2 protein chains.
Amino acid sequence: MTDLKTGINPLFLRDEELRQAIELLFFAYRDFTAEPDAILAAYGFGRAHHRVIYFVGRHPGMTVSDLLAILKITKQSLSRVLGQLVEEGFVTQRTGARDRRQRLLELTEKGLELERQLTERQRARFARAYREAGAEAVEGFRQVMLGLIDDADRPRFPTKNPGRR
Amino acid sequence: MTDLKTGINPLFLRDEELRQAIELLFFAYRDFTAEPDAILAAYGFGRAHHRVIYFVGRHPGMTVSDLLAILKITKQSLSRVLGQLVEEGFVTQRTGARDRRQRLLELTEKGLELERQLTERQRARFARAYREAGAEAVEGFRQVMLGLIDDADRPRFPTKNPGRR
DNA sequence: GCCAATATGTCAACATGACTGACTTAAAAA
DNA sequence: TTTTTAAGTCAGTCATGTTGACATATTGGC
């Protein structure tokens, strides 16, 4: 049970390591979202609006279904924030060409501006963390994070080195 | 601006890389919290209760102030969930010995049991991700995550290799 | 062309978890 | 003795999620 040489229980080490992992995720997420939250508050928006703005900015012309699949919330929940964003001129909806039932989402110029403002802070935070950690650490980070994500959404992240190792 | 050999704009690559980082964090957090949420619902609890149970389990005898500093919520917000947890016998409060104004928090046997049940799922998720990614990737993950966290809370994570490099 | 399935939207009621602001109590520290 | 600190409380509000029921327009299968 206990390593005779070091006097340290390897099972305890594993538990400590995994708890630290859990906490790293908690603290990182907490601090990562705090900055945008402050900006959003000035617009009378919240984190939910940020997510919509981010993903619509990332995938212009995406459908409501696409967005729901990413956010994993009900359409009633999405409806409120999306409605506000359309109402206030940050997002536009246009009818799909192939499938006229679909509403294709896009950011307006105003929406793009807010998206840039919000994402810029988060990009800067990652840029700093990446730079300080180095390229090798970044690759490790990506692998571990990908391992945390449910299989269904992993294909969203193309492998960097297809023929790695 | 554009690399003549590859025809790829390095600024675009950087933007793409940083956006993927943002999304890795979003999807990982989303999926990481989904499992415990389902368990908590059976107890009539939510994510807020989980956080309290987790950190009290992690730091038995911690004060209310300590907990507030970690969660970064108001004491009124904490009050409700903590009150419920005490009421229903998952957490106990005892008066501090040195400072009798403090309420030292601890999990009851019942609380410990729930904590184990919740944390077990999250530990398993990280254990799998860590195992699949390998030791080197884990160290990279730790470095990047630490870089995302505000300076104030980094000392919570002791350096693994004090004399690294 | 009819009909079922799909994409989207809407109304209503409710739960959770956060907030601000004002105030109280008990104990420690100055 | 007075001030500060740790904790708690009451009241009201807001943001964001839920379920359930239903409506509309359009597509796709037979």
Side-chain angles (χ1 to χ4, degrees), chain A residues 26 29-30 33-34 36-56 61-88 91-106, chain B residues 26 29-30 33-34 36-56 61-88 91-106:
Chain A
F26 168 77
Y29 195 82
R30 186 199 65 177
T33 50
D37 282 356
I39 297 170
L40 289 155
Y43 289 79
F45 291 153
R47 207 171 284 184
H49 301 85
H50 185 188
R51 293 195 277 253
V52 171
I53 286 179
Y54 177 85
F55 284 108
V56 172
M62 78 189 306
T63 67
V64 172
S65 290
D66 291 342
L67 190 49
L68 286 173
I70 287 176
L71 301 178
K72 286 201 184 164
I73 59 175
T74 60
K75 65 177 171 179
Q76 294 93 325
S77 292
L78 174 59
S79 167
R80 190 173 2 176
V81 286
L82 183 55
Q84 288 170 17
L85 289 169
V86 170
E87 178 82 17
E88 300 184 31
V91 173
T92 55
Q93 297 173 296
R94 61 171 217 278
T95 300
R98 277 198 320 279
D99 188 336
R100 292 173 44 78
R101 289 171 303 181
Q102 296 180 332
R103 298 289 171 272
L104 308 186
L105 306 174
E106 264 169 20
Chain B
F26 167 78
Y29 195 82
R30 186 199 66 175
T33 50
D37 282 357
I39 297 170
L40 288 156
Y43 289 79
F45 292 151
R47 209 172 283 184
H49 301 85
H50 186 189
R51 293 196 278 256
V52 171
I53 286 178
Y54 178 84
F55 284 108
V56 171
M62 79 189 306
T63 67
V64 172
S65 290
D66 291 341
L67 190 49
L68 286 172
I70 287 176
L71 301 178
K72 284 200 184 164
I73 59 174
T74 60
K75 64 178 172 179
Q76 294 94 323
S77 292
L78 174 59
S79 167
R80 188 173 7 166
V81 286
L82 184 54
Q84 287 171 15
L85 289 169
V86 170
E87 179 82 20
E88 301 184 30
V91 174
T92 55
Q93 297 172 299
R94 60 172 217 277
T95 301
R98 278 198 320 280
D99 188 335
R100 292 172 45 78
R101 288 172 304 183
Q102 298 179 331
R103 298 287 172 274
L104 309 185
L105 307 173
E106 264 170 20

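Letters A, B, ... mirror the listed sequences (proteins, then strands); counts begin at 1. It should be emphasised that the depicted structure is a prediction, and the values quoted were computed from it without experimental measurement. All values below come from the heavy atoms of this structure, side chains included, with hydrogens, waters and symmetry mates left out.
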Is any side-chain heavy atom of A:Val52 closer than 4.5 Å to a side-chain heavy atom of A:Leu78? yes
Tell me, do A:Asp66 and A:Phe55 make a side-chain contact under 4.5 Å, heavy atoms counted? no
For [X] and [Y], indicate whether the former's side chain and the latter's backbone hold a donor-acceptor pair under 3.5 Å.
{"X": "A:Arg51", "Y": "A:Ile70", "value": "no"}
{"X": "B:Thr33", "Y": "B:Tyr29", "value": "yes"}
{"X": "B:Asp37", "Y": "B:Ala34", "value": "no"}
{"X": "B:Arg98", "Y": "B:Gly96", "value": "no"}

Pick out the pairs of N or O atoms, protein on one side and nucleotides 26-29 of chain C on the other, that lie under 3.5 Å.
| residue | atom | partner | partner atom | Å |
| --- | --- | --- | --- | --- |
| C:dA27 | OP1 | B:Arg100 | NH2 | 3.2 |
| C:dA28 | OP1 | B:Arg100 | N | 3.2 |
| C:dA28 | O4' | B:Arg101 | NE | 3.4 |

Please report, rounded to the nearest Å, how far the [atom2] atom of [N] is from the [atom1] atom of [X].
{"X": "B:Leu68", "N": "D:dG8", "atom1": "CG", "atom2": "C1'", "result": "11 Å"}
{"X": "B:Leu105", "N": "D:dA6", "atom1": "CG", "atom2": "C1'", "result": "12 Å"}
{"X": "A:Met62", "N": "C:dA7", "atom1": "CE", "atom2": "P", "result": "14 Å"}
{"X": "A:Leu104", "N": "C:dG9", "atom1": "CG", "atom2": "P", "result": "11 Å"}

So if I take the C1' atoms of five pairs at each end of the helix from C:dG1-D:dC30 to C:dA30-D:dT1 and get each local axis, what angle do the two axes make, rounded to 10 degrees? 30°
Parallel, tilted or perpendicular: which describes the rings of B:Tyr54 and B:His50, with under 30° parallel and over 60° perpendicular? perpendicular
Using every non-hydrogen atom in the two residues, find where [X] and [Y] come nearest and quote the distance to one decimal.
{"X": "B:Gln93", "Y": "B:Leu82", "answer": "NE2-CD2, 4.1 Å"}
{"X": "A:Ala69", "Y": "B:Arg30", "answer": "O-NH1, 3.7 Å"}
{"X": "A:Val81", "Y": "A:Ala48", "answer": "CG1-CB, 3.7 Å"}
{"X": "B:Leu68", "Y": "B:Ile73", "answer": "CD2-O, 3.5 Å"}

If only side-chain N and O atoms of B:Gln102 are considered, is one of them under 4.0 Å from the OP1 or OP2 phosphate oxygen of D:dT5? no
Do any side-chain nitrogens or oxygens of B:Ser65 fall under 4.0 Å of OP1 or OP2 in D:dA7? yes
Which nucleotides of nucleotides 12-24 of chain C have their base under 4.0 Å from a protein heavy atom (B), which only their sugar-phosphate (S), and which neither (-), written as one string 5' to 3'? ----SBBBBBB--
